[in-house]
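Inspection log for the structure reproduced underneath, given as C-alpha cells.
All of these numbers come straight from a predicted model, not from anything done at the bench.
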Number of protein chains: 2
Amino acid sequence: MSELKHVYISEISGYEGQDVILKGWLYGKRSSGKLHFLQVRDGTGIIQAVIFKGDVPEEVFEMADKISQESSIEVYGIVKEDKRSALGFEIGVKDIKVIGESHDYPITPKEHGVAFLMENRHLWLRSPRQLAIMKIRNEIVNSVRNYFNNNGFLLVDAPIFTPAACEGTTNLFEVKYFDENAYLTQSGQLYMEAAAMAFGKVYCFGPTFRAEKSKTRRHLTEFWMVEPEMAYFDLEMDMNLAEDFVEYVVQQVVKNRRQELEILERDISKLENIKKPFPRISYDEAIKILKESGKEIEWGEDFGGDEETVISEKFDRPVMIHRYPAECKAFYMKQDPESAKHALCVDMIAPEGFGEIIGGGQREDDFDVLLGKIKEHNLPEEAFDWYLDLRRYGSVPHAGFGLGIERTVGWICGLHHVRETIPFPRLMDRIRP
Amino acid sequence: MSELKHVYISEISGYEGQDVILKGWLYGKRSSGKLHFLQVRDGTGIIQAVIFKGDVPEEVFEMADKISQESSIEVYGIVKEDKRSALGFEIGVKDIKVIGESHDYPITPKEHGVAFLMENRHLWLRSPRQLAIMKIRNEIVNSVRNYFNNNGFLLVDAPIFTPAACEGTTNLFEVKYFDENAYLTQSGQLYMEAAAMAFGKVYCFGPTFRAEKSKTRRHLTEFWMVEPEMAYFDLEMDMNLAEDFVEYVVQQVVKNRRQELEILERDISKLENIKKPFPRISYDEAIKILKESGKEIEWGEDFGGDEETVISEKFDRPVMIHRYPAECKAFYMKQDPESAKHALCVDMIAPEGFGEIIGGGQREDDFDVLLGKIKEHNLPEEAFDWYLDLRRYGSVPHAGFGLGIERTVGWICGLHHVRETIPFPRLMDRIRP
C-alpha cells in the first residue's frame, strides 16, 4: 500500500483509472446495504470514497462502518469518473486504514453557536466553508503581491515595534521593551514614506494593531494591512492606482476562486461588476447625499459605518470619497491647495455595506507646513525629526494608501463579521486558541 | 515638460532615442568645463545625466552646477546608448528642474560609523548598497511565496498575540491586552499544526519576536520567519522539502539578482553551488566532528554559533543536523522510535559560518506521550488543551520547519551583521527611527 502514490484530492483529475492513496480525514459517511459512502477530506478538497462489499475483505467492510467523524484515514483505491459529484471523480476503495481515531468530535453537522465555534477555532477550520474562505484569503494575498510585483514596487517590511505614535497613543498596544516602552504599529505609512524616497514605489504588508474598545463586526485588534507608497504621486494618481489595484484583486478572485465563492453562496455577478472607473465624490458631495437621505450630519464630522453604508448603497461598485475636512484627518495629510480646510485624502468604501476598505491620500511634503501641523497636534517634535528629514532632503510630492485585508476578505466572501476572515481572530475579548 | 512620459531608470532600455522625464534625486555629480555629469537615482537604479553647455539655456547650465546631493529633480532629455556604463544608457539633458532642495545631507560619500548610519536608517536606505540588499530581500520573499504556491501550500497567517508560551516566557515580549496579558508570538508552529490538520500543507510568514538579551551580530528582537507545516510528513520528507526549498530560493536569487550580488561583491560561485542533496549528519556524528576538531563538548549539549561554524566549514553547502538529544529540544518534538533519548528534529546550518537558518522536525503525534511531555516540562496543561485536541481527533504524523528570513538574507548577501538585512532593524538597544 505504501508503494502507491499519495495523491491530493485537488489533483485527482490527473489520475483517472489509476490506483492511488489518499491521506486525509473522514468528514462524513452513509451506508446502504452493500455500500459505504465515505466523504474524505484532505485539506485540498472532499471526495466520495465508495466501498462495495464485494470488493474488499469482510473485515475491512465492517471496520469502515465504524470509522467516526474526523478519524484520520489512508484510503487505497482506483480513481473513477463520477459526473454526479461536484468534483467529477470518486474513489473505488480497495483498502482502508485508520491512522488516528477520533471520538466525540465536538463539531457535528448540526448548528453550533458562534461562541462555541470560536472556542474551537482550531477544529472549526476543518469545515468546507472555512476552507473556502481561507482559499479566497490566500488568493487575495497572492493577488495583492502579484499586483505590486507586476507594477515595479519593492516590498519594504515596516517595523512592528515603534517608539512613537502616528496619531496619539489611545488605541495603541504598549509593550515593555527592555528598559523602555514600545508600541505595536498601527500603520507602516511613515516608514513607507522614507522608503519611497529611497526606492520610488514601495509597499509593506504585515500585521497591524489597534487597541480599540470596539466589539463591532468590523473590528479586530490584530489585522493585516497592505500599504503602498509612491514618490512623485499626487492624489489623482493615488486614486487611479487604488481603483486599478482593487479591480485586479477582485477579478483575480472571480477568475481563480469561483468554486469557493459558490460554496459561500456569494452573488458573483456583484463581484464581476467591480470594474474601473469607480465613482469619485468629494466629501462635500457626500454630505449632500447624506442630507438628502435624511441623515443628520454637519460639515466637518467624520463618517461612521452608518454613513458609509448609506453612501455605498448609491453605487454598484466601490466609491472613493476624497477631500475630507482637514480637521477629521491625520496631521500628515497634505492640505488642498485650493482650500486649506480640505485635505488631499481619499477613503474607498466597498459596496453592499461592507464599509471602508482603503484610507489614503497625498502626504504633506512642505517642511514648514508639516512642522506646523505637528505642533498644532501637540505631537512630540523630536520623535518626528527623522520624518521631517524626508522634507529636509529632497522632498517630493508623494501619496499612498492602506488596504485592510480582513475587510476585503469579508467583502469579497460576503461575510457579515470579520471574525471568519482570518485564521485565528483576535478580538477585544478573545485571544484564544 | 509635463506632457512627456515619466520613465523609471529600470525601464530606460525601452526608450532609446526618445525624449523622457526622469523623476528622482541627485546622487552625485562632477563637472569638466562645458559638461556636467549628474548621477541621478530614482529608486530603481542610477543613471548618468549629461548636460552639455551648448544644449541647454545658460541659466540651466549654471543652476545644474549648484544642485546639491539628494535634491529631488526632474530631468528632461533624450535616452542615449552608453556602452561604458553598467546600465548601458545615459541621458542627454535638455532641461532640469529642482523639486525639493537638500542642504548638508548627512550621509556623504565618505565613511560613516555604524551607529551614525543606524541613527539615520531612513536616509541610509537611499544608498546603492542598501537598494541591492532590499532587492535581494524582496527576491527571497517572493521566491519563498512562489515555492509554497507552486507546491500546493495554503497560506495561513498565524496570530501575533498569543496567550501562552511555546517554550517558557523568558524570551517573550509581554503586552497589556485590555484586562489581561498577552505575549508576542515567537513561532506560529502550534497554530500551523492545527492548520495542517485542516488544510494538509500550510505555511505562515510573518514577524516573530524574541526578547533575548543578546547583542550579537545574529540577533534581532523582531524578525520574519516562514514556517511550513505538513500533515502526513515524517522527518525524512521534512528534510527533503527543506533542501528543495532552500535550493530553489538561492537559485532564484542567483538567476534574478546577479547584478545586486555583484554590487555587494558576493562570491556568486559559492551560491551557484547550493544544489541538493545537502549533507545530512546526525547530532551524534556532529559531536564526533566537533571533538575531532578539538572542541570541548559533551553529548547532550546544544550547539552555539561556534560549534555551528566548525561544522559548516566542513561542507560547501548547507548541512542538516538531525536527531538532537530530546533534552535540548522543545516538548513537541517527536521522540525517535529507535532511541527515546533522541528527537526527530533537524537544524539546517548555512555554509561559510552564517549559522542556523532552519529549525524543525517531526511533531509528537501521540496523545499520551505529548501530555507526558507537557507535564514533564511543567507547562500549564489547560493552555495546551486545544493543542492536545489535534491528537484527540484524527492525529497524523506531521512535520514542519521555520526559516529565518534575515539570516537567509544575510547569508545570501554575504553580510556579517543582520542589521542590514531588514529595512528598520530592531535590536535590544534600538527601536528608532
With respect to chain A, which residue among [options] yields the maximal number of heavy-atom pairs within a distance under 4.5 Å?
options	value
B/A194, B/S127, B/P433	B/P433
B/P423, B/G152, B/A198	B/A198
B/D429, B/T44, B/I431	B/I431
B/F173, B/W124, B/Y8	B/F173
B/L131, B/N120, B/V202, B/D179	B/L131

Item to complete: Would you check, one step at a time, whether the test side chain to side chain contact (heavy atoms under 4.5 Å, CB included) holds for A/L184 with B/I160?
Response: CA-CA 11 Å; A/L184 299 183; B/I160 306 297; 5.7 Å; no

Go through the atoms of [X] and report whether side chain, backbone, both or neither lie under 4.5 Å from a heavy atom of chain A.
X	answer
B/W224	side chain
B/N142	side chain
B/P207	side chain
B/F367	neither
B/I422	neither
B/S68	neither
B/V175	both
B/I73	backbone
B/D157	both
B/N181	backbone

Report the option among [options] that has the most heavy-atom pairs separated by less than 4.5 Å from atoms of chain B.
options	value
A/S10, A/G24, A/G200, A/S71	A/G24
A/M134, A/E174, A/M428	A/M428
A/E11, A/R41, A/K176, A/E119	A/R41
A/C204, A/P106, A/A231	A/P106

Contact origin within [X] toward chain B - heavy atom pairs under 4.5 Å:
X	result
A/L155	both
A/N149	side chain
A/L123	side chain
A/E212	backbone
A/Y387	neither
A/K201	side chain
A/D365	neither
A/V156	both
A/E180	side chain
A/R121	neither

Does a side-chain heavy-atom distance below 4.5 Å link [X] with [Y]?
X	Y	answer
B/Y393	A/W25	no
B/Y232	A/D42	no
A/P397	B/I99	yes
B/K135	A/F199	no
B/K23	A/V396	no

Let me confirm one number: the [atom1]-[atom2] distance from [X] to [Y], rounded to the nearest 0.5 Å.
X	Y	atom1	atom2	value
B/R432	A/D385	CZ	CG	12.0 Å
B/D389	A/H122	CG	NE2	3.5 Å
A/F153	B/N138	CZ	CG	12.0 Å
B/M197	A/E70	CE	CD	11.0 Å

Discussion item. Between A/R392 (side chain only) and B/D104 (backbone N and O only), is there a donor and an acceptor less than 3.5 Å apart?
Written reply: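 Checking the backbone N and O of B/D104 against the side chain of A/R392, no donor-acceptor pair under 3.5 Å is found.
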
Practice prompt. Look at the side chain of B/R426 and the backbone N and O of A/P159, then say whether any donor-acceptor pair between them is shorter than 3.5 Å.
Written response: no

What is the minimum heavy-atom distance between [X] and [Y], and which atoms define it?
X	Y	value
A/S395	B/S72	O-OG, 2.7 Å
A/E222	B/A158	OE2-O, 4.2 Å
A/S102	B/G394	CB-N, 3.6 Å
B/Y177	A/R430	OH-O, 3.7 Å
B/V141	A/R145	CG1-NH1, 4.3 Å

Worksheet item: Is the count of non-hydrogen atoms from other residues, nucleotides or ligands lying under 6.0 Å from A/E101 atom CD greater than 12?
Response: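 No, the 6.0 Å shell around CD holds no more than 12 heavy atoms from other groups.
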
Worksheet item: With under 30° as parallel and over 60° as perpendicular, where do the rings of A/F424 and B/W386 fit, or are they tilted in between?
Response: tilted

